[in-house]
Amino acid sequence: MSGNGTHAGLHGPRAAALIGPYGGGKTTLCDMLLEMAGTKLGHGGPVRPPQPGTDTRLVNCTYLKDSWALLDCPGSIEFQAETAAALTVADIAVVVADPDPARAMALRPAFAALEAAGTPFILFINKADTLEVPPAELIAALQAETSTKLVLRQLPVLERGKMVGFVDLVSERAYRYRERRPSDVVAVPSAVADEEHAAHDALVDTLADRDDALLEKVIGGEEVTVAELFAHLRHDLAEGTLAEVMFGSATHGNGLQRLWKALRHDAPDATGTAARHGIAPEGGPLAPPLAQVFKVSYAGQSGKLAYARVWRGKLSDGASDGQMRVSGILAFTGNETQKLTHAMAGGVVALGRLDGAIPGTVFGGAQGSLAFPAAPPPVYALAIAVPDHKDDVRLSTALAKLLEEDPALSMTRDAETGDTLLAGQGETHLARALERLTKGWGLNVSTTRPKLRLKETIRVAVHEHSRLKHQTGGHGQYADVTLEVIPRPRGEGFAFTDRVTGGAVPRQYIPAVAAAAEEAMTKGPLGYPVVDVAVTLHDGGFHAVDSSDMAFRTATRNGIAEALLKAGPVLLEPVHRVTVSAPNVFTAAVQRLLSAKHGHILGYGEKPGWPGWDETRALLPEAETHRLIIDLRAQTAGLGGFVHEFDHLAEAAAHLSERVARQAAG
Ligand SMILES: Nc1nc2c(ncn2[C@@H]2O[C@H](COP(=O)(O)OP(=O)(O)OP(=O)(O)O)[C@@H](O)[C@H]2O)c(=O)[nH]1
Ligand SMILES: [Mg+2]
């Protein structure tokens with residue numbers, strides 16, 4: 001243990017991400033932390049009406065001479081790519097949790113994101129003013145959600161069921177909350193003395209478990225100083241082998257001074273975090289700057305902003321790395337925007353323009369040399385269109401920018417249905433994207449449910465004789481074919497066989513017949529591509545002068561069109577293999593939902609690496625995957641998710657066939 005103390009000003013700028021489930025109080029907490037750091041907020045006080053976050057807010061501030069960037073992340077699962085991106089550049093995360101064991105499972109996505117990013121964290125139990133259960137019960141519920149050891153840093157002190165203060169378990173000092181003011185230091189209340197000793201010992205044991213020298217001291221009964229405990233806690237937190245648990249209330253301003261101080265003393269700095277990411281500390285402050293973009297936004301008149309963390313060196317306005325040029329460096333203090341001439345290693349700032357930058361882009365190094373989380377696959381899609389074709393170009397320009405900003409969005413053109421599909425993480429996510437298109441770009445965008453990729457096939461074999469005989473003026477047209485169309489097993493595709501004997505159809509015309517047969521499959525009698533049909537040419541006839549490729553093609557096309565009509569055409573729909581994951585308390589509900597959606601459940605089991613969560617596998621008609629995420633979240637406290645892939649085509653459900661038949665008729 002190096003015993004490196006933390007002193008004001010010694011650190012470069014540091015970054016903390018506030019993460020956790022929606023509505024936990026991250027934004028309120030962020031505002032209060034800013035207020036305590038003396039940052040003025042322009043919206044008339046730190047308590048603002050709750051507004052669900054949809055993207056990460058950066059604020060730069062200074063607390064006790066240390067420079068900080070706070071990243072207030074959105075909690076909604078639909079914007080989790082924002083959180084993952086922020087965690088990549090943060091030195092530490094503050095996980096903001098509710099004091100309710102029943103809501104502990106809502107923290108799993110945040111804990112999973114932390115694990116994936118390897119970011120150290122403090123678990124801040126907010127809304128302590130509403131704490132109603134014994135802290136031990138709460139910690140047990142929270143511990144079930146993460147493999148990182150949670151260690152109580154504070155023991156709550158309750159009076160008549162309300163939390164009124166706490167004992168710091170390292171210093172063993174007791175504090176009594178005051179409304180929106182620093183807590184009073186008080187004597188450890190005798191009522192909690194025993195509990196406090198036990199909790200303190202538990203903390204020491206946890207630290208000793210992670211350090212042999214400390215363990216020897218503890219076993220030998222030697223005295224361990226408070227400074228030593230702090231050093232161990234700081235070290236283990238940075239290593240990610242434990243996370244400290246603190247309490248407070250953002251709206252009451254309680255526990256926030258302690259949180260700031262814990263951040264100040266315990267958070268690693270950019271050098272440590274860069275090392276964790278495998279970034280070599282080349283040349284100190286004189287090294288060429290290395291920075292990573294974690295967020296991009298196109299904002300009003302300020303144009304494109306690329307939010308980035310400087311990992312190394314000094315990044316000056318106007319700097320270029322041969323690919324990109326920095327045009328403007330901005331910091332955000334409260335509601336003020338500050339223009340900077342440069343940013344030092346550790347700084348989190350917004351860079352002007354930075355052409356071509358997307359989330360994950362590296363400035364001053366090879367692209368892809370710094371890890372960045374892949375965007376989650378889309379789970380909800382809408383077909384979009386602008387009614388006025390004059391707007392097509394503007395729509396594609398706007399979409400290109402939207403996609404640059406948000407890797408969790410995707411845009412594809414479905415060649416089969418002609419739909420332009422905008423896909424993302426859910427209804428709210430797409431609604432935000434559409435709002436950007438309509439309000440930000442003044443585009444009139446209409447959305448519809450994506451068309452289904454239907455197919456058709458036949459049920460019975462049909463023999464068909466087709467003759468083309470035209471006598472018009474000079475050359476006539478003549479071709480005669482006897483064909484058989486035969487259903488094939490699902491998935492076997494199209495086949496053509498030539499069984500002509502004795503030159504009834506001369507060799508030279510066979511390729512034209514084969515090509516026309518295949519072409520006839522592009523649209524069947526129901527209006528969809530025909531699959532799994534074998535066509536056999538049995539016999540035919542020709543005319544020495546009037547036969548041609550064209551004549552055989554026409555005869556074949558007509559013959560097959562007739563044959564398909566008689567062969568019992570049937571609609572096929574795509575069936576997907578879906579894997580739904582959710583906390584196992586919802587497994588029965590998930591299975592009911594899948595069954596109600598005409599799914600066929602294949603099985604279920606524990607989700608690997610996610611204790612307490614199940615995965616249910618099922619086959620589900622593609623039509624039912626459209627709203628699956630919406631209904632699934634409604635059934636699983638917002639936590640369920642799914643992945644899917646095409647599996648096979650199956651005869652369409654009756655209701656679907658009827659609808660298609662009606663559409664075809666009308
Ligand atoms: N009782 C109580 N309510 C709080 C506390 N902190 C925040 N709240 C309330 O919780 C609600 C949500 O607060 P926000 O700060 O918007 O939550 P958030 O975590 O930023 O939410 P998202 O950005 O949507 O993820 C608001 O009504 C806050 O006033 C607290 O300490 N105690
Ligand atoms: Mg918020």
Side-chain angles (χ1 to χ4, degrees), residues 16-36 41 43-59 70-87 90 93-100 102-111 113-114 121-133 135 138 154 156 158 161-166 177-181 183 245-260 295 332 334-335 408 425-429 431-432 633 637-639:
L18 307 182
I19 71 166
Y22 64 92
K26 299 175 289 297
T27 300
T28 315
L29 177 63
C30 184
D31 288 353
M32 285 302 275
L33 291 174
L34 286 174
E35 193 192 63
M36 291 171 62
L41 291 159
H43 52 71
V47 180
R48 57 169 96 193
Q51 206 178 27
T54 58
D55 65 351
T56 302
R57 175 177 62 135
L58 163 67
V59 272
L70 300 182
L71 297 164
D72 172 20
C73 297
S76 160
I77 205 125
E78 297 192 22
F79 301 100
Q80 59 184 329
E82 292 272 334
T83 299
L87 289 181
V94 177
V95 179
V96 181
D98 269 54
D100 179 0
R103 286 196 33 95
M105 66 182 159
L107 285 158
R108 183 66 68 88
F111 285 137
L114 283 164
F121 66 94
I122 292 173
L123 179 56
F124 184 75
I125 298 173
N126 189 33
K127 307 188 184 178
D129 52 304
T130 66
L131 176 73
E132 279 177 352
V133 298
L138 179 60
Q154 299 173 338
L158 291 92
K162 272 194 101 55
M163 184 165 170
V164 294
F166 59 93
Y177 288 151
R178 291 189 302 168
E179 193 76 7
R180 288 178 159 256
R181 281 190 298 161
S183 301
V245 181
M246 308 182 75
F247 292 81
S249 164
T251 45
H252 293 256
N254 293 149
L256 307 190
Q257 201 84 39
R258 289 292 112 196
L259 176 61
W260 253 135
K295 179 182 168 65
F332 303 95
N335 276 11
Q425 304 305 315
E427 266 187 319
T428 315
H429 185 219
R432 186 188 67 145
R633 289 198 179 127
L639 293 167

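As the structure lists them, so they are numbered: ligands from 1, and atoms in each ligand from 1. The figures that follow rest on heavy atoms only: side chains count, while hydrogens, waters and symmetry mates do not.
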Test your reading of the structure: does [X] have an N or O sitting under 3.5 Å from an N or O of ligand 1?
X	value
Leu29	no
Gly75	yes
Cys73	no
Ala250	yes
Gly23	yes
Pro74	no
Thr27	yes
Lys26	yes

Point to revise | CE on Met32 to CD on Gln257, rounded to 0.5 Å | key: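 With rounding to 0.5 Å, CD (Gln257) is 10.5 Å from CE (Met32).
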Exercise for review: Assess whether side chain to side chain contact (heavy atoms under 4.5 Å, CB included) is satisfied between Asp55 and Lys295, documenting all intermediate values.
Suggested key: CA-CA 9 Å; Asp55 65 351; Lys295 179 182 168 65; 3.3 Å; yes
Point to revise | Beyond-backbone contact of Leu107 with Met105, side-chain heavy atoms, under 4.5 angstrom | key: no
Side chain of [X], backbone of [Y]: donor and acceptor closer than 3.5 Å?
X	Y	answer
Glu82	Pro74	no
Asn254	Arg178	yes
Glu78	Thr428	yes
Asp72	Arg57	no

Review point. Which residue, Leu259, Val95, Val245, forms the side-chain contact (heavy atoms from CB on, under 4.5 Å) with Phe124?
Key: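 When Leu259, Val95, Val245 are each tested with Phe124, the side-chain contact (heavy atoms from CB on, under 4.5 Å) holds only for Leu259.
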Review point. Pick from Met36, Met246, Glu35: which one makes a side-chain contact (heavy atoms from CB on, under 4.5 Å) with Leu256?
Key: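 The option that passes is Met36.
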Check your understanding: Which is it for Leu138 and Leu131 under the side chain to side chain contact (heavy atoms under 4.5 Å, CB included) test, yes or no, and what are the steps along the way?
Key -> CA-CA 9 Å; Leu138 179 60; Leu131 176 73; 3.9 Å; yes
Revision key, fill the gap. A student checking ligand 1 against Ser249 at a 4.0 Å heavy-atom cut-off should list atoms 30 (C), 31 (O), 32 (N)
Point to revise | Ligand-side contact atoms (ligand 1) for residue partner Gly53, heavy atom cut-off under 4.0 Å | key: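 So the atoms of ligand 1 that pass are 22 (P), 23 (O), 24 (O).
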**Study point:** Contact partition for Asp129 relative to ligand 1, non-hydrogen atoms under 4.0 Å
**Key:** side chain
Study note, to complete from the structure: Under 2.8 Å from the Mg ion (ligand 2), the protein N, O or S atoms found are Thr27 OG1
Practice item. Would you check whether Asn126 reaches within less than 4.0 Å of ligand 1, judged by its heavy atoms? Key: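 Flag set, Asn126 near ligand 1.
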**Study point:** Stepwise side chain to side chain contact (heavy atoms under 4.5 Å, CB included) check, Leu33 with Val94
**Key:** CA-CA 12 Å; Leu33 291 174; Val94 177; 6.0 Å; no
Check your understanding: Where the closest heavy atom to atom 3 (N) of ligand 1 is concerned, which of Thr251, Thr28, Leu256 has it?
Key ->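 The residue whose heavy atom sits nearest atom 3 (N) of ligand 1 is Thr251.
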Practice item. Check whether the ring centres of Phe121 and Phe111 lie less than 6.0 Å apart, and answer yes or no. Key: yes
